[in-house]
Amino acid sequence: MAKDELMNYEKALEMFEVVIGLEVHVELNTKTKMFCGCRNEFGDEPNTNVCPICIALPGALPAVNRTAVESSISIGLALGCEIAPNGRFARKNYFYPDLAKNFQTSQYDEPIAFEGELTVELPSGSVHTVQIERAHMEEDAGKLTHIGGSTGRIQGAEYSLVDYNRAGVPLVEIVTKPVYGAGAEAPELAAAYVRSVREIVKGLGVSDAKMERGNVRCDANVSLRPHGQEKLGTRTETKNVNSLRSIERAVRYEIQRQAALLAKGTAIIQETRHWHEDKGATSAGRPKSDADDYRYFPEPDLVPVQPSKELIESLRAKLPEKPADRRKRVQAEWGFADLEFRDVVNADLLDQIEETVKAGAKPQAARKWWTGELARIANSENMDVTELEISGAHVAELAQLVDAGKLNDRLAREVLTYVLAGEGSPAEIVAARGLEVVSDDGALIAAIDAALAKQPDVLDAIREGRMQAAGAVIGAVMQAMKGSADAGRVRELLIQKANA
Amino acid sequence: MSELIRKNASELVELLKSGQVSSVELTKAHLDRSAAVDQDVHSYLYQNPETALAAAADIDRRRAAGEQLHELAGLPIAVKDNLTTTDAPTTSGSKILEGWIPPYDSTVVKKIRAAGLPILGKTNLDEFAMGSSTEFSAFGPSRNPWDLTRIPGGSGGGSSSVVASFQAPVAIGSDTGGSIRFPASVTGTVGNKPTYGAVSRYGLIALASSLDQVGPVSRNVLDSALIQDLIAGHDPHDSTSLPESLGSMADAARKLDVKGMRIGVIKELMGEGFQPGVMNRFKESINLLQQAGAEIVEVSCPNFEYAIAAYYLILPAEASSNLAKFDSVRFGLRVAPEGNPTIERVMAATREAGFGPEVKRRIILGTYALSSGSYEHFYGAALKVRTLIQRDFAAAFEKADVLISPTAPTTAFKIGEKLEDPLAMYLNDIATIPANLAGIPGMSIPNGLADEDGLPTGIQLLAPARADARLYQVGAALEKMHEDIWGKRMIDFAPELEVRS
Ligand SMILES: [Zn+2]
C-alpha cells in the first residue's frame, strides 16, 4: 500500500471546509430474513439458513417480513422522519457473487422513511443537528471469503467461498444529508452520530447493534471545499468502518489526505476507500461515479408497503426516550458532574452504568469501575470496554463487596480478572478462591506485633505525629497477609496501639 | 386411437368417479398416445411414465378405499416446463437449465399433486417463454397437430399441441403477452389467462413478473374452468396474488346464457393486418352472440397502437433483471472460459453458451431500456403507455361487460417463416398483449376454420380484472352455439395424426 501524503490537521482545516455524509446500515434482529422464512442468525454453519428464495432459485418469489417493516418504521419515527404511505421496493441491478439474484431488493425513490433529524452532542459539549435524508429497507448480501492471493480481496484470490446465511437479512440504511459546520470536530461528529443511531436502534430493540459483528456498519463520505465555495468538492466513500473509534480516525485521515492532494492541485478521485484499522489509513477501492448504473426499477414481485395510520401511531406510541432526553435524565439521576458524564458518554457506557446502577451499585461506584479499571483492562486488550464479557450485575456485586469491606481495592481487581475469565460472579469467586479480606483483629494484631518487633521506633514516631512512619508497618502487615488484610483496619489498630 | 383420450376432461372425471375407468387406465392411454405421436408433434420435453402411473395408482387405491377425493382426482394433466417440479427437470426451454431438478414444487404443481392429478410430463416452450412459436426452444420446436409443418403457437406451443393431439386432456400454460391464448387460437383449443394475481406465480420461472400469469389449456371451456378453479387462490408466497377468491369458473361455464350481456367489439383490433378468414369467422361469432340475446357495442381503445412498443420495453426490462440469477454459481449450466477463470469470465461464458438468440436480444433490449439516460425515454414511457391502456380498458368496460376480438391476426404460420424477422413475430401478439399490460383476464376459444387455409382461428374474450367468470360464461355459451352449428367440437375437424409405434 502506497503511503499517502497527509496535511497537518489544523492546516487542513484552515484551508478547507469539511463536508461529511454518513450512511449507516443497521442489521435488524428479526427472527427471519427480509423476504423468506429462513432464520436470521449470526454465526451458524455456512449455508444452513438458506432456501430457494434467498439463494434465488428460478421461480422463487419474495414476501415481505412484516416485523422488518415495523422495525424500519420505528427507526424512521425515532429519527423524526416522515413515513411514506406507499413505500415501494426497487431492484438495484449489479452482478456480484455474493448477491444471489444479481440484484438487491432495496428501496429507491420511495423509501419507507424520509426527512428526519438527529441531535448529537460532541465530547466538547457542542451540539449539532444532523439532517436525515432517508431510511430505507433493503436486504444484506451473502458473505464472501476469498482464499489464496495476498490481499484477502476478490482480485487475485484463487477461489472464493460464499455463505448465503446472511443473504436476505433485513437491513435499514440511514442516509444523512451533507453535514456542514462541524469544523475540526467533523470526525467526532461522525462518531457521535453513529453512536446515537446505535443507541436508538438498541433502545428500540430492533437490532443487536453490535458494531464488531457488523450489526451497525458505517460508510463515511468526506469531501473538502475551500472556505466560502458553494459547490461541494469531490467526495470519497470510506466503507465499513466498524468501530466508533475507526470512524473518527478514518474521517480525520481522509481530511488530511484530501487536503494534501488539493493543496498540490491534484483532483480527488471519486471512489470507495477501505479503512485499515491496523495501518490507520484508507486505501483506494473501486472507482465510483454518479454514473454508476444500477438500473433501478420498481420491484414487480412485491406490492408497495402501505402502513396504516393506526400502525404508524401505535409504533410511535411505543418509541423509547430520545437519546438526548435520556442523557439529561440519567445525568440528573446519577448526579454526575458534566465532565464525568461526558467521559461516560464518550466511552459509550450509558447502558452499562444504567444496568450496574439498576443492579444495586451506587452511581459513582459504577462509573469508577467502568471508566477506570474496566476501561484500563479493555484498553490493554485492545478492545472496546463495551465488548468485555461482564455484566452490570457483576460489577454491582463487586462494588457492594468493596462497600461491605469484604474486598479491598487490590482484591477487587483480582476478582475482576477472574470474572472476566468466566469463573462466575464476584461472590462465587470470593467463596471459591477464599479471597475475602482478613478483618479478624486477632490475626491483624499478631501481624502488627511481628512487624513492630522489627521496627520498634515506629510507635514513637506515630506518637510524635509522623504518620507516614505507619506506612512501613502497614506494608509489612499487608505483605505478611498476602494482601488480604484490610489496610484501614491495620492503620486504626496501629494508632490505638501507639496511643495506648 | 382410444376413444377415451378424445373425451373432454369433464366427462373423464365422471367416468373416474363412477369407476368406469381407472386413473391408471386413463394415464396409460395418454402415455400410449404420446409414444405414438410425440416424436412428430414434440409437445413434451420430459415424460416419466413411472411417476405418472404411480400417482395414478395411488389415486385408484385411495378411491377404492373410499377416501373423499378432489373432484378432478385421477385426471392426467401436462405442465409447462417453466413450472418447478421436484420429480422432473425444469428447463424453461433453455440450455442454461438443462437437467436442473428443482428442490421445490411450484404452488400450482403442489395444488395439482394435492388434488391427485397425475402429471404426464413437462411441455415445450420458447426459451424462458420468449417467443410465439416454440421455435426458440433450445430443444427444438413443437409442431401443430393440424399441420406438422406449422407452428403450434408460443410460447406455450407444447401445452397447446399436447391437448390438440390428445396426449393430455388438459394442460397448464403461462401467458405473458399471449403465450396461452395465441397457441390456443392456432391449434383449435381453449386457453385462459386469468386476472393477474388469480393464480400463484410461486415456482413459475419468471419472464416478466408484472405480466406473467399461469392458466389452463384444454379442448373446451368447461375443462379450462375446472382447471382454473383447481389452481387459483391466494398464495402467501406470491405477494402479488389476489387475497380474494374469484368464485367458481365451472359454475359460470355451465350457465350457457348471454342474454342481456353487453359485448364490446374493439375497433382497433379488426381490419388491417388481419387475415380475411380470421375476420369472417369473427364476424359470424358477433352475429351468433347477437342472436343469442347479447347486445353488441363498438368500443375504441386508441392507445392499443402503442401496446406492442410498450410491451417490448417492459418485458425485456423485467426479464433482463429476472434472468440475472442465471450466473452458474448456484445451479444450472457452468461453462469454463478459456484462460483465467475469474468469476466474471465464468458468468459471461456460461450466459454466452447457455442463452439462445432471442433471450440475448431481449436481455440487451431490457438492459438498455433501464439504463440511466434511457430510462425515462423507454421504460418510463412504457409505464405511461401501460397506464393509458388500462384507462382504455376502463372506458371500454363502462360500455361493455365483455370485449371481443380475434385472438391473433392469422392462422398458424409455417415453421421457419418468421424466424429471421423478430418484428413480424412480435406482431402476432397485437391482440393479446393489452390484457397482460392491464392485468385483466383474457380467453381464447376456437372460432372456426379460415376459408383460405382450413386452419383454426380463435376469438378472444376479455373482461375486467377479477371478472374471469364472465369469460367462462360467454365462452362456454359461444362454444355451445358453434358446436350446435358444426355438429361437433372444432378439435374434431383436426386431421388424424400418423401413428408410429
Ligand atoms: Zn431463505
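First the proteins, then the strands, lettered A, B, ... as listed; each starts at 1.
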### Query
With chain B, which of Gly37(A), Cys36(A), Ala60(A) has the greatest number of heavy-atom pairs at distances under 4.5 Å?
Ala60(A)
### Selection from Leu99(A), Asn102(A), Leu302(A) maximising heavy-atom pairs under 4.5 Å formed with chain B
Asn102(A)
What is the minimum heavy-atom distance between [X] and [Y], and which atoms define it?
| X | Y | result |
| --- | --- | --- |
| Ser371(B) | Asp293(A) | CA-OD2, 3.3 Å |
| Gly59(A) | Tyr104(B) | C-OH, 2.9 Å |
| Pro298(A) | Tyr375(B) | CD-OH, 3.6 Å |
| Ser239(B) | Val303(A) | O-CG1, 3.7 Å |
| Arg330(B) | Ala100(A) | NH2-O, 2.8 Å |

Chain A heavy atoms under 4.5 Å from [X]: which part of the residue, side chain, backbone, both or neither?
| X | result |
| --- | --- |
| Thr342(B) | neither |
| Tyr368(B) | neither |
| Asn82(B) | neither |
| Pro236(B) | backbone |

### Query
Is any residue of residues 85-97 of chain B within less than 4.5 Å of chain A by heavy atoms, and which ones?
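Within residues 85-97 of chain B, the residues under 4.5 Å from chain A are Leu97(B).
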### Query
Of all the residues in residues 198-214 of chain B, which have a heavy atom that comes within less than 4.5 Å of a heavy atom in chain A?
Arg201(B), Tyr202(B), Gly203(B), Leu204(B), Ile205(B), Ser209(B), Ser210(B)
#### Entry: Whether Thr84(B) side chain and Pro58(A) backbone form a donor-acceptor pair below 3.5 Å
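No; judged by distance alone, with no hydrogens or angles, the pair does not exist.
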### Query
Do any N or O atoms from the side chain of Tyr379(B) and from the backbone of Arg295(A) form a donor-acceptor pair under 3.5 angstrom?
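Side chain of Tyr379(B) to backbone of Arg295(A): no pair is present.
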### Query
Where on Tyr164(A) is there a heavy atom nearer than 4.5 Å to chain B: the side chain, the backbone, both, or neither?
side chain
Can you confirm whether more than 12 heavy atoms, excluding those of [X], are under 6.0 Å from its [atom1] atom?
| X | atom1 | result |
| --- | --- | --- |
| His234(B) | NE2 | yes |
| Glu338(B) | CD | no |
| Tyr296(A) | OH | yes |
| Lys31(A) | NZ | no |

### Query
If contact means a heavy atom pair closer than 4.5 Å, which residues of residues 81-95 of chain A contact chain B?
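Under the 4.5 Å heavy-atom cut-off, Arg91(A), Asn93(A), Phe95(A) qualify.
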#### Entry: Part of residues 45-54 of chain A lying next to chain B, heavy-atom separation under 4.5 Å
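From residues 45-54 of chain A, the residues near chain B are Pro52(A), Ile53(A).
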#### Entry: Option that, when pairs with chain A are counted at under 4.5 Å, heavy atom only, ranks first among Leu323(B), Asn322(B), Leu383(B), Leu83(B)
Asn322(B)
#### Entry: Flag side-chain contact, heavy atom, 4.5 Å: Phe297(A) against Ile314(B)
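No, too far: nothing below the 4.5 Å cut-off.
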